[in-house]
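To start, the structure under review is shown below, and the notes come after it.
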Amino acid sequence: MKITKPRLALICGILCISIFPILVKLKLAPGLISAFYRMFFAVILLLPYVIITKSFKLPKTKPLLLAVLCGVLFSSDVAVWNIAIQDSSATQASLLTNLSPLWVGIGSFFFLKIRPATNFWIGTVVSLFGMITLVGFSFFMDLNFDQAFLFAVLSGILYSIYLLVSKKALSEIDVLSFMTISLLASSIYLGILCYALDQPFTGFSDTGWFVLVLQAVICQLCAWLSISYATQHMRATRVSLSLLSQAVITSILAWLFLEEQITLQMVFGGIILLFGIRITFYDKTISLKKLF
């Protein structure tokens, strides 16, 4: 598989967002306010750059509104996912959120009039089986169908809608302008929501503030500048499925920093998951008859 610039950007983005569940699980700030500062600090850092370099270009009304909508969708996704992680296990939240490739595939067919290739559906089935193997089949016996469960599912749906809308917006807007608009929209939207719900804007420890800034720089700016560039040049279905690989990297990071155990089953599941993603990057359409 040839490593093109969009694919390299996607890999970099996946590496950057993989540390996010680890940081959120530390619970150094409430989930909703954590989402706000992730967007707020990111736009504060991005604005001086786009102003000094004159790289911001105000788009026409329709793509502008799409970029604003992307900001609301993405910030809503991050907010409900933060709450889901903090109110349940990171494993449950990550698994349910990562059902997004299914929603993206269905959405691409109905709304973008793009019929996902056979490779995508085969890769999705294989990857989801790998994800299930990674977390363990017994995990499903302990699922709690509570608010955290619903929020995790909602996160996956919001995330898939965001990818589809951003694909449309990025066909008419450059990445930096798109990120600036969407981050401004995210910050204003989450700021109003946090104020209305009486969330604490201050009172965090030095470590808490450091983690909030780290989320903005690594998990938002670095990650989503890279992923937005990849989305601009690649299929939304392929991008969404590739993002499943963050589960493997997150498991490794949890083992290194949170002392969570990695079993042979998890290794096997991770290999299956990555193989499923590789199927979607196969240049020729896979014949089901030949595969089975």
Side-chain angles (χ1 to χ4, degrees), residues 13 16-17 19-21 23-24 29-51 55-59 61-86 93 97 100 151 154-170 172-197 199-201 204 209 211-232 236 239-240 243:
C16 290
I17 61 175
I19 69 170
F20 183 62
L23 297 177
V24 173
L32 191 58
I33 204 70
S34 175
F36 164 72
Y37 276 118
R38 171 175 165 173
M39 307 301 166
F40 178 73
F41 286 145
V43 76
I44 290 298
L45 293 170
L46 183 61
L47 270 177
Y49 176 79
V50 297
I51 292 173
S55 53
F56 177 78
K57 299 174 183 177
L58 187 65
T61 303
K62 183 178 179 180
L64 174 63
L65 292 176
L66 286 177
V68 171
L69 177 59
C70 283
V72 174
L73 287 169
F74 185 76
S75 56
S76 298
D77 163 41
V78 173
V80 297
W81 193 38
N82 283 5
I83 296 170
I85 290 175
Q86 293 186 346
T97 296
S100 59
F151 273 19
L154 178 60
S155 173
I157 294 173
L158 289 169
Y159 186 45
S160 61
I161 297 173
Y162 165 79
L163 283 176
L164 293 171
V165 176
S166 65
K167 177 67 178 176
K168 178 64 175 176
L170 286 165
E172 303 181 57
I173 313 175
D174 65 277
V175 171
L176 282 175
S177 299
F178 169 79
M179 285 292 294
T180 303
I181 295 168
S182 62
L183 282 173
L184 277 171
S186 295
S187 300
I188 294 171
Y189 166 68
L190 285 177
I192 294 172
L193 190 60
C194 287
Y195 180 78
L197 297 177
Q199 292 288 299
F201 284 88
F204 311 122
W209 284 115
V211 168
L212 290 174
V213 173
L214 194 64
Q215 287 182 29
V217 174
I218 304 298
C219 305
Q220 188 60 41
L221 278 182
C222 294
W224 286 97
L225 281 171
S226 300
I227 293 172
S228 294
Y229 176 79
T231 302
Q232 190 177 46
V239 172
S240 67
L243 292 174

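Computation of the quantities below employed the complete heavy-atom set of this structure, encompassing side-chain atoms and omitting hydrogens, waters and symmetry-equivalent molecules.
- Within the 4.5 Å cutoff, the side chain of I17 has heavy atoms near those of the I227 side chain.
- If you take CD1 on I188 and CG on L193, they are separated by 13.5 Å, rounding to the nearest 0.5 Å.
- To the nearest 0.5 angstrom, L23 atom CG is 9.5 Å from I218 atom CD1.
- Every residue two or more places apart in sequence or in another chain that forms a ring pair (Phe, Tyr, Trp, His ring centres under 6.0 Å) with F40 is listed here: F36.
- Two residues are said to be in side-chain contact when any heavy atoms from C-beta on lie closer than 4.5 Å; L212 and S34 meet this criterion.
- Of all heavy-atom pairs spanning L170 and Q232, the tightest one is O-NE2, 3.0 Å.
- Here the closest heavy-atom approach between residue C222 and residue S226 is recorded as O-OG, 2.9 Å.
- Shown here are the side-chain contact (heavy atoms from CB on, under 4.5 Å) partners of A42, two or more places apart in sequence or in another chain: L183, A216, Q220, L221.
- The two atoms that bring P63 and I173 nearest to each other are O-CD1, 3.2 Å, heavy atoms only.
- Sorted by first and then second residue, the side chain to side chain donor-acceptor pair (under 3.5 Å) pairs with a member in residues 174-197 read S76-Y189, D174-S177; sequence neighbours excluded.
- The shortest distance between side-chain heavy atoms of I181 and P59 falls below 4.5 Å.
- Atom SG in C70 sits 10.5 Å away from atom CH2 in W224 (nearest 0.5 Å).
- When atom types are taken as modelled, the side chain of S228 and the backbone of L225 share no donor-acceptor pair closer than 3.5 angstrom.
- For Y229, the ring pair (Phe, Tyr, Trp, His ring centres under 6.0 Å) partners at least two apart in sequence or on another chain are H233.
- Here the straight-line distance linking atom CD1 of I44 with atom CE of M39 works out to 14.0 Å at 0.5 Å rounding.
- Under the 30°/60° scheme for interplanar angles, the aromatic rings of Y162 and F74 are found to be tilted.
- Closest non-hydrogen pair, C219 versus C16, comes out as SG-O, 3.8 Å.
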How far apart are the C-alpha atoms of F204 and V211, what are their side-chain angles, what is the distance that settles it, and do they pass the side chain to side chain contact (heavy atoms under 4.5 Å, CB included) test? CA-CA 10 Å; F204 311 122; V211 168; over 6 Å; no

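- For F41, the ring pair (Phe, Tyr, Trp, His ring centres under 6.0 Å) partners two or more places apart in sequence, or in a different chain, are Y37.
- At least one side-chain heavy atom of L46 sits less than 4.5 Å from a side-chain heavy atom of L176.
- Among residue pairs with one or both ends in residues 61-75, none qualify as side chain to side chain donor-acceptor pair (under 3.5 Å); sequence neighbours excluded.
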